[in-house]
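We use all heavy atoms of the structure for the numbers below, so side chains are in, but hydrogens, waters and symmetry mates are not. Letters A, B, ... are given to chains in the order of the sequence lines, protein chains preceding strands, and every chain is numbered from 1.
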Amino acid sequence: DAGVIQSPRHEVTEMGQEVTLRCKPISGHNSLFWYRQTMMRGLELLIYFNNNVPIDDSGMPEDRFSAKMPNASFSTLKIQPSEPRDSAVYFCASSLITGLLGNQPQHFGDGTRLSIL
Amino acid sequence: QKEVEQNSGPLSVPEGAIASLNCTYSDRGSQSFFWYRQYSGKSPELIMSIYSNGDKEDGRFTAQLNKASQYVSLLIRDSQPSDSATYLCAVPFDYNLFFGTGTRLTVIP
């Protein structure tokens, strides 16, 4: 079975440019999560969706960040305009949330390593 | 605020020894617990899940859960250099997983 697929794997761009990260969750999973990981702050949850609806975006650092999930098989995380402090590894994860709340683990994609110059 | 705490390490053990990784959590209502392994430059990978008090064994890995003490641990027997990684404890709440900061393990050949 295919796992969570993220693209691109690496992105290097200049400050001020728009960056779009993409994620395809595992088929059949109904929840999708975007994380950011840095050495200083560890793994931070940015936003998560359940059945394509954003449930909690309190982790989104500021208005420059936005995320969408137009259908069950695709999500994007956009940064506009990008800044050097946005440099990090961005992970997408998906899981199947059933009636037993929180009983299912999350499965992570390989991540996008983002560098803003 | 749901909290998950781990010793950040680093933890160094010689090859063949038992590595013991510990995690405490704040939410008494938590029902399931997960251990992830993350190699440097890679994504977190689920290695163990535990739902009931007691021990759960899977190969060289044993997860131990004590809900009364709000404590979950991971034991790695016969540690190998390939076990060198950061181990993350994760506790779900609602739709979300709360991660500890991770314990960096180094197995010395």
So which part of [X] gets closer than 4.5 Å to some heavy atom of chain B, the side chain, the backbone, both or neither?
X: A/D110; result: both
X: A/E44; result: neither
X: A/R113; result: side chain
X: A/Y48; result: side chain

Exercise. Is there side-chain contact between B/E15 and B/P81, with heavy atoms separated by less than 4.5 Å?
Worked result: yes
For this session: Could you tell me whether the side chain of A/R64 reaches within less than 4.5 Å of the side chain of A/P81, counting heavy atoms only?
Result: yes
Exercise. Using non-hydrogen atoms only, which part of B/E45 is less than 4.5 Å away from chain A: side chain, backbone, both, or neither?
Worked result: neither
Exercise. Non-hydrogen atoms of chain A under 4.5 Å away: do they reach the side chain of B/Y36, the backbone, both or neither?
Worked result: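 The side chain, not the backbone.
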Exercise. Do the ring planes of B/Y51 and B/F34 sit parallel (below 30°), tilted (30 to 60°) or perpendicular (above 60°)?
Worked result: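 Perpendicular: the ring planes of B/Y51 and B/F34 meet at over 60°.
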For this session: For this output row, return yes or no: ring centroids of A/F91 and A/Y35 closer than 6.0 angstrom.
Result: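 Judged by ring-centre distance (under 6.0 Å), A/F91 and A/Y35 do not meet the cut-off.
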Problem set entry | Distance-only polar pair, side chains of B/S73 and B/Q64, donor-acceptor under 3.5 Å |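 Indeed, the side chains of B/S73 and B/Q64 share at least one donor-acceptor pair under 3.5 Å.
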